[in-house]
Protein chains: 2
Amino acid sequence: MPTDTAQQLQRFHAFLSGEGLKVTRQRQAIAEAFYGSGGHLSLRDLLDLARESEPSIGYATVYRTMRLLADGGLATEHQFADGHARFEPAEEGEHHDHLICLTCGHILEFESDAIEQIQDRIAADYKMKVKSHRHEIYAECLRTDCVNRPSA
Amino acid sequence: MPTDTAQQLQRFHAFLSGEGLKVTRQRQAIAEAFYGSGGHLSLRDLLDLARESEPSIGYATVYRTMRLLADGGLATEHQFADGHARFEPAEEGEHHDHLICLTCGHILEFESDAIEQIQDRIAADYKMKVKSHRHEIYAECLRTDCVNRPSA
DNA sequence: TTCCTTGCAAAGGATTTGCACACCC
DNA sequence: GGGTGTGCAAATCCTTTGCAAGGAA
């Protein structure tokens with residue numbers, strides 16, 4: 001478990017308080033599942049994890065909690081090729097794209113200033129200014145033992 | 001209308017014959033809508049266009065015809081941020097990504113060998129081989145008259 | 001004629017919402 | 001106690017499929 005999970009949960013509590021929202025057992029369980037994992041989890045994944053500590057939790061609660069986090073800037077939502085929404089913790093000022101292993105499904109992150117610069121130049125050629133982008137690389141692992149398999 | 005629409009329709013007929021499939025009024029109308037437009041149309045767009053010449057056409061027929069074209073390699077399907085499937089004619093050996101205007105919704109195409117090379121290098125760093133990718137840039141047009149607005 | 005196609009309507013699958021009950025402050 | 005939050009179930013939205021009737025070869 002990452003060492004900063006506690007910090008992230010604290011930030012979550014501060015966010016809820018700031019919005020005048022309540023800290024409930026369900027929200028706590030969902031946030032722990034979300035921050036305790038490596039990210040890129042689907043709503044179904046989060047539901048299953050959250051139910052380990054709160055078995056009665058419902059899908060709609062996970063949905064609403066993650067929407068809360070996403071709208072509040074604490075989580076980022078992605079739609080990869082599998083068609084399910086996936087979430088990851090939002091890091092302040094950080095940006096990355098994704099490299100998805102077709103062998104095992106694991107999702108790696110990458111950053112490339114060079115690509116970002118080229119994007120800006122392409123947009124500028126059309127007199128446009130980049131507001132956001134989506135960039136996913138789907139690749140096969142060349143090793144038979146697929147080292148990218150998540151430790152989970 | 002592009003000068004090669006007739007060629008593309010001919011290729012479509014050849015494809016149908018080759019598969020032992022029939023050239024129907026509906027398929028003809030859908031193919032004309034598809035090839036006669038600039039591409040990037042949703043199923044709904046195609047349905048509306050096709051109905052101009054074949055009013056009784058149904059959504060399922062458009063869906064099935066576009067699937068036929070996509071599976072046959074004559075059309076490429078994309079899922080942009082709006083969550084609707086969009087299709088464009090597939091060009092032999094050609095590849096491009098998309099620059100989407102947030103001002104008017106128009107979809108431009110771009111290519112960058114430099115980006116493709118960086119992608120390959122990133123994947124290689126993880127001992128992986130790129131099989132495909134998805135790259136979309138969402139940008140605002142800086143001109144008040146938004147020159148990217150489609151002529152339609 | 002023969003079998004492919006079509007259009008309708010219903011089924012899927014993921015997401016979103018309405019509502020009555022439960023819970024936190 | 002009062003208003004927020006939850007869980008269920010139903011509603012959406014887009015996509016996909018079953019089926020009986022229609023149409024190309």
Side-chain angles (χ1 to χ4, degrees), chain A residues 12-34 40-72 74-87, chain B residues 9 12-34 40-72 75-87:
Chain A
F12 171 60
H13 286 194
F15 166 72
L16 290 176
S17 303
E19 298 283 321
L21 302 172
K22 295 172 182 172
V23 176
T24 61
R25 286 175 292 109
Q26 291 90 335
R27 285 176 178 165
Q28 182 74 18
I30 294 164
E32 283 172 7
F34 177 56
H40 309 127
L41 275 69
S42 67
L43 289 169
R44 172 59 52 180
D45 294 336
L46 288 163
L47 176 63
D48 292 342
L49 275 175
R51 276 187 170 161
E52 289 179 10
S53 53
E54 279 295 323
S56 71
I57 218 164
Y59 188 90
T61 301
V62 178
Y63 162 76
R64 284 186 278 229
T65 300
M66 293 315 297
R67 179 91 104 79
L68 201 58
L69 287 171
D71 290 349
L74 297 182
T76 305
E77 178 179 348
H78 295 283
Q79 284 280 350
F80 298 128
D82 71 354
H84 294 51
R86 288 180 179 277
F87 297 83
Chain B
L9 288 173
F12 172 59
H13 286 194
F15 167 73
L16 290 176
S17 304
E19 298 282 322
L21 302 172
K22 294 171 182 173
V23 177
T24 61
R25 286 177 291 112
Q26 291 89 335
R27 285 178 177 161
Q28 182 74 19
I30 294 163
E32 282 172 6
F34 177 55
H40 309 126
L41 275 69
S42 67
L43 289 169
R44 172 59 53 183
D45 294 335
L46 287 164
L47 176 63
D48 292 342
L49 275 175
R51 276 187 170 160
E52 289 180 8
S53 53
E54 278 295 322
S56 72
I57 219 164
Y59 187 90
T61 300
V62 178
Y63 163 76
R64 284 185 280 230
T65 299
M66 294 314 298
R67 179 90 103 80
L68 202 58
L69 287 171
D71 290 349
T76 305
E77 178 178 347
H78 295 282
Q79 286 277 353
F80 298 126
D82 70 355
H84 296 50
R86 289 180 179 275
F87 297 83

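Keep in mind that what you see is a predicted model, and the values were worked out from it rather than measured.
Taking only side-chain nitrogens and oxygens, A:Tyr63 comes nearer than 4.0 Å to OP1 or OP2 of C:dT16. Of the side-chain N and O atoms in B:Tyr59, one or more sit less than 4.0 angstrom from OP1 or OP2 of D:dT15. Of the side-chain N and O atoms in B:Thr61, none sit less than 4.0 angstrom from OP1 or OP2 of C:dT5. B:Arg27 has no side-chain polar atom (N or O) that falls below the 4.0 Å cut-off from OP1 or OP2 of D:dG23. Of the side-chain N and O atoms in B:Thr24, one or more sit less than 4.0 angstrom from OP1 or OP2 of C:dT6. Proximity of A:Gln26 to the phosphate of D:dG7: a side-chain N or O atom is located under 4.0 Å from OP1 or OP2.
Picking from C:dT17, C:dC3, D:dG3 the nucleotide with the shortest atom distance to the side chain of A:Arg67 gives C:dT17. Of the listed nucleotides (D:dA25, D:dA9, D:dT15), D:dA9 has the atom at the smallest distance from the side chain of A:Ala60.
With rounding to the nearest 0.5 angstrom, the OH atom of A:Tyr63 is 13.0 Å from the CD1 atom of A:Ile30. The structure places CD of B:Glu54 at 10.5 Å from OG1 of B:Thr61, a figure rounded to the nearest 0.5 Å.
When rounded to the nearest whole Å, the span between CZ of A:Arg44 and P of C:dT15 equals 10 Å. Protein atom NE2 of B:His84 is 14 Å distant from nucleotide atom C1' of C:dT15, rounded to whole Å. Between the C1' atom of D:dT15 and the CG atom of B:Leu68 lies a distance of 17 Å, rounded to the nearest Å. One can place CD of A:Glu19 at 20 Å from P of D:dG3, the figure rounded to the nearest angstrom. Per the geometry, CG belonging to A:Leu47 stands 13 Å off C1' belonging to D:dC8, to the nearest Å. The interatomic distance linking B:Lys22 (NZ) with D:dA24 (C1') rounds to 5 Å, in whole Å. Atom CG in A:Leu21 sits roughly 10 Å away from atom C1' in D:dG5 (whole-Å rounding). Atom CE of A:Met66 is separated from atom C1' of C:dT17 by 19 Å (rounded to the nearest Å).
Under the 3.5 Å distance criterion, the side-chain polar atoms of B:Arg27 are matched with a main-chain donor or acceptor of B:Lys22. In this structure, the side chain of A:Arg51 engages the main chain of A:Ile57 through a donor-acceptor pair within 3.5 Å.
Side-chain contact check for B:His13 and B:Gln28: at least one donor-acceptor pair (N or O, by modelled atom type) lies under 3.5 Å.
Interface remark: the A:Arg64 side chain does form a donor-acceptor pair with the D:dG7 base, using a distance-only criterion of under 3.5 Å.
Using a 4.0 Å heavy-atom criterion, one finds that A:Arg25 contacts the sugar-phosphate atoms exclusively.
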